[in-house]
Amino acid sequence: GITKAISDSFKVLTGNARITETNIGNAINDIRTALIEADVNMVVVKDFINEITAKAIGEQVVRAVNPKDQFIKIVNDGIVDILGSKSEALKLKPKGTLTVILLAGLQGAGKTTTAGKLARYIKNSDNRKVLLSACDVYRPAAIEQLQRVGELAGVDVFVGDKKDAIKISKESYKHAKSGNYDVLIIDTAGRLHVDKDMMMEVKKISKDLRPDDILFVCDSMMGQHAVEIAKEFNDTLEVTGVILTKFDSDTRGGAAFSIKKVINKPIKFIGVSEKIDGLEVFYPERIASRILG
Amino acid sequence: LFTGKSLDDNDLLKLEEVLLSSDIGPQISSTLITKLRLKGLNTIENAIEFLKKELHDIICDKEYILKDGVLNIVLVLGVNGVGKTTSIGKLANFHLKKGKTVLLAAADTFRAAATEQLTRWAKVMDIPIVKQGEGADPASIVYDAVDSAKSKGVDLLIIDTAGRLQNKKHLMDELKKMYKIIETKGGCDTHNLLVIDATTGQNAFHQAHVFNEVVGVNMIMMTKYDALSKGGIVFNISKKLNIPFTFIGKGEKIEDIEVFNREKFIERIFN
Ligand SMILES: Nc1nc2c(ncn2[C@@H]2O[C@H](COP(=O)(O)OP(=O)(O)OP(=O)(O)O)[C@@H](O)[C@H]2O)c(=O)[nH]1
Ligand SMILES: Nc1nc2c(ncn2[C@@H]2O[C@H](COP(=O)(O)OP(=O)(O)OP(=O)(O)O)[C@@H](O)[C@H]2O)c(=O)[nH]1
Ligand SMILES: [Mg+2]
Ligand SMILES: [Mg+2]
């Protein structure tokens, strides 16, 4: 990981009193390689390296700390700063007013499962009446999947009768209002960021329902393209936050860092298991230490 | 970006970025750029041709062809959400069109509506499917499916399994148990097919590595190639594990499958 890379690079520098361009040259190269190995986007790595190099060279080494530890701290703090200083909550309206949450993302990212997890989380943590809306009219048995997920979460699921996602989203909204639900969570079909029609579909759903939270659900093991994909979803929907799934994998999770740096929207939750309770509030320090390896 | 001019350090940097942004990974990228630098080529065109040839030599690809006179089994495995179930539909159809008979087995008994999802695919193709209720032991479905496939005399049995992260020991043990059942029954030609997502980063190598350690991986299918990621994870897997890529998934429809083609794949890295 990156911590080891820095340690190795600084092994030869015992007794050095300050960080200079020379003694961090090797460390920088190793960090660059380690970050790319961790799936951080290449362009983000470039900018990040420039930032921490400038910071490191400019710093007087704190008396109690040696250059190596100082440098590790600069890198760690740099990652934590970009990830966001604290977790940002959902934008829930006062109870009695309908809050709408829209989930969107690539195929297989974990939207349907996350919809259930989110419903259970909101219901239990805030004692709200939640309705799930099944707006994936394409994937075989997607509706059945959300219905089962709703059962596991202990919440109702709205199922439309027509094969029209936009119509169903509007019907579910009416149903949420008339049924006195506090929160409506819209599960949508997986879609490619380069599929114009499908991106227009989710944009229309968002325009019609004006959600309070538009969450980009993304697989944490994405590679270099995570940025391009997140950008497209953000440009189309102006997302209010990101949920990164499958963080229980052993992926380093550099996509999290890349996405946050580029679209600068808060990472609100991470998925940590397949189970209905597998949702955690995002804490930047945890992710930073994973990327650092 | 690249026009007929001679190679300088900046060009080498740009070429390295093309490799890195394709998820080829820093190791292979730096090895190739170092080789390229030592080659002392003088045009970008020559450099790209050199890189294409190097990449061509790294890739493992192979055609998956059914054996005659024996039950062929494909056990489909991989992490969550990569496209296993959908790919099974595509693979079944691919062989049906070649006049083969196919049986499906819904051995993902964990995920909500997994059996219903595969059953839809079976219905679309009007082929039989072995399944049980949610929470059933996946090993027992494998057991029944192999027996059923043999008694029906089908050419190909494709078994769907639950998505599982390779770092979850109990899930890998479950998979091993399913594989052992097929092995123990014998009398069939089995291929373990790992499905990986083209948008996945360096973790794909770890997926291939661990699945290969646990049950052995005979072939790989890369899905979501239509998401326009370059899928450079192919190279690490080919180079270090020597496991052949056999199919590409390029969409959500049953016909969105194609045989893995080395040339086309490398062409797209440089587009
Ligand atoms: N281990 C783990 N698995 C997850 C997590 N979130 C989702 N999954 C799994 O990922 C797979 C895909 O999840 P889905 O909820 O079907 O994904 P989706 O985005 O709705 O998929 P589409 O609707 O087809 O786009 C399933 O096997 C889920 O159980 C997570 O945080 N950890
Ligand atoms: N664009 C695109 N989508 C795909 C492709 N293959 C599968 N998908 C989609 O990816 C999503 C997940 O596919 P599944 O077949 O459910 O994946 P899985 O690996 O069986 O998922 P789990 O069983 O939950 O682990 C679905 O929305 C599929 O339609 C592909 O090649 N291209
Ligand atoms: Mg879904
Ligand atoms: Mg499946």
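Residue numbers begin at 1 in each chain, while the letters A, B, ... track the order of the sequences. Given the structure is predicted, the values throughout are model-derived calculations rather than measurements.
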For this session: Carefully, step by step, assess A/Ile185 and A/Val155 under the rule side-chain contact (heavy atoms from CB on, under 4.5 Å).
Result: CA-CA 11 Å; A/Ile185 299 176; A/Val155 302; over 6 Å; no
Problem set entry | Pair B/Phe235-B/Ile59, side-chain contact (heavy atoms from CB on, under 4.5 Å): steps then yes or no | CA-CA 6 Å; B/Phe235 298 99; B/Ile59 287 192; 3.3 Å; yes
Exercise. How far apart are the C-alpha atoms of B/Phe211 and B/Asn192, what are their side-chain angles, what is the distance that settles it, and do they pass the side-chain contact (heavy atoms from CB on, under 4.5 Å) test?
Worked result: CA-CA 9 Å; B/Phe211 276 93; B/Asn192 290 339; over 6 Å; no
For this session: Could you walk me through whether B/Phe270 and B/Val18 pass side-chain contact (heavy atoms from CB on, under 4.5 Å), step by step?
Result: CA-CA 7 Å; B/Phe270 292 95; B/Val18 168; 4.1 Å; yes
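Contact count against chain B (heavy-atom pairs under 4.5 Å) is highest for A/Ala141 among A/Ala141, A/Ala255, A/Gly108. For the set B/Gly81, B/Gly232, B/Ala227, B/Pro26, the entry with the most heavy-atom pairs within less than 4.5 Å of chain A is B/Pro26.
You'll find the side chain of B/Ile269 stays beyond 4.5 Å of the side chain of B/Leu51, heavy atoms only.
Neither the backbone nor the side chain of B/Ile24 comes within contact range of chain A, judged by heavy atoms closer than 4.5 Å. With a 4.5 angstrom heavy-atom cutoff, A/Ile36 touches chain B via backbone and side-chain atoms both. Contacts between B/Val82 and chain A at a heavy-atom distance below 4.5 Å are absent for every atom of the residue. If you measure heavy-atom distances from A/Met221 to chain B, the contacts under 4.5 Å come from both the backbone and the side chain. Residue A/Leu106 touches chain B through its side chain alone, counting heavy-atom pairs closer than 4.5 Å.
Relative orientation of the B/His95 and B/Phe247 rings is perpendicular, given thresholds of 30° and 60° on the angle between their planes.
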What are the sub-3.5 Å donor-acceptor pairs between chain B and chain A, distances to 0.1 Å?
unit_1	atom_1	unit_2	atom_2	d
B/Glu17	OE2	A/Lys46	NZ	2.8
B/Asp23	OD1	A/Gln224	N	2.8
B/Asn80	O	A/Lys246	NZ	2.9
B/Asn80	ND2	A/Glu274	OE2	2.7
B/Gln117	OE1	A/Arg139	NH2	3.3
B/Arg120	NH2	A/Glu144	OE2	2.4
B/Glu134	OE1	A/Arg148	NE	3.0
B/Glu134	OE2	A/Arg148	NE	3.1
B/Glu134	OE2	A/Arg148	NH2	3.0
B/Gln166	NE2	A/Asp250	OD1	3.1
B/Asn167	ND2	A/Asp248	O	2.7
B/Lys168	NZ	A/Asp248	OD2	2.5
B/Thr199	O	A/Gly223	N	2.8
B/Gly201	N	A/Met221	O	2.8
B/Gln202	N	A/Asp39	OD1	2.9
B/Gln202	N	A/Asp39	OD2	3.3
B/Asn203	ND2	A/Asp250	OD1	2.7
B/Lys224	NZ	A/Gln107	O	2.9
B/Glu252	OE2	A/Gln107	NE2	2.8

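Between B/Ile233 and B/Ile196, the closest heavy-atom pair is CD1-CD1, 4.0 Å.
Atom-to-atom distance recorded for B/Leu193:CG and B/Ile158:CD1 is 9.0 Å, nearest 0.5 angstrom.
Residues satisfying the salt bridge (charged side-chain N to carboxylate O under 4.0 Å, His left out) criterion with B/Asp9, sequence neighbours excluded, are B/Arg37.
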